[in-house]
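Start at 1 with the first residue, then count along the sequence.
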Amino acid sequence: MVIDSSIGFPANVPPMYFKTKMWHTGVDEKTGVICIAAILPWDVNTGPQRLADHVTSILADPKQCVASNVNKDACEQFENNHAAYETKA
């Protein structure tokens, strides 16, 4: 996982992404970009630990990201064929 704190941090949520491909509702399958909807609005006093906690939380509970549609196909599969989602994830 990469957290790029060189772009606007701490004033803005830093870009976060995985280098390794994964099938997840909160991770763009092509770019690895991680859903940040759950940590908005951003507070300038938020530190890196909150980012790590956020990623841990969405990985443990993919349902949190379904509304964000970061990975539309994974979100649809999660909602419509959960068993297939679990197999692929």
(message) Is there a path of hydrophobic side-chain contacts, each under 4.5 Å between heavy atoms, that joins Ile3 and Leu40?
(response) yes
(message) Using 0.5 Å steps for rounding, measure from the NZ atom of Lys21 to the CG atom of Asp28.
(response) 10.0 Å
(request) Output the distance between atom OG (Ser68) and atom CD1 (Ile34), rounded to the nearest 0.5 Å. (result) 12.0 Å
(message) Let me confirm one number: the CG-CD distance from Asn81 to Glu86, rounded to the nearest 0.5 Å.
(response) 11.0 Å
(request) Taking all heavy atoms of Ala11 and all of Val44, pick out the closest pair and write down the distance. (result) CA-CG2, 3.9 Å
(message) Within the structure provided, determine whether Cys65 and Val70 are in side-chain contact (heavy-atom separation under 4.5 Å).
(response) no
(request) Report the distance from atom OG1 of Thr56 to atom CE of Met1, rounding to the nearest 0.5 Å. (result) 7.5 Å
(request) Indicate yes or no: at least one non-hydrogen side-chain atom of Phe18 is less than 4.5 angstrom from one of Val55. (result) yes
(request) Determine yes or no for a side-chain-to-main-chain donor-acceptor pair under 3.5 angstrom, with Gln64 supplying the side chain and Ser57 the backbone. (result) yes
(message) I'd like to know whether Asp73 forms a side-chain contact (heavy atoms from CB on, under 4.5 Å) with Lys88, so could you lay out the CA-CA distance, the side-chain angles of the two residues, the decisive distance to 0.1 Å, and finally the verdict.
(response) CA-CA 12 Å; Asp73 293 336; Lys88 189 169 183 176; over 6 Å; no
(message) Count I, L, V, M, F, W, Y as connected when their side-chain heavy atoms are under 4.5 Å apart, and connections chain through other members. Are Ile36 and Met22 then in the same cluster?
(response) yes
(message) Whether the side chain of His54 engages the backbone of Cys35 through a donor-acceptor N/O pair (distance < 3.5 Å, no angle test) should be reported.
(response) yes
(message) Please find the pair of heavy atoms, one from His24 and one from Ile58, that lie closest to each other, and give the distance.
(response) NE2-O, 2.9 Å
(message) To the closest 0.5 Å, what do you measure between CZ (Phe9) and OG1 (Thr46)?
(response) 8.0 Å
(request) Quick one: sort the Trp23 and Tyr85 rings into parallel, tilted or perpendicular, breaks at 30° and 60°. (result) tilted
(request) Side-chain contact test, heavy atoms from C-beta onward, threshold under 4.5 Å: evaluate it for Leu51 versus Pro14 and give yes or no. (result) yes
(request) Please round to the nearest 0.5 Å and tell me the distance separating atom OG1 of Thr25 and atom CG of Leu59. (result) 9.0 Å
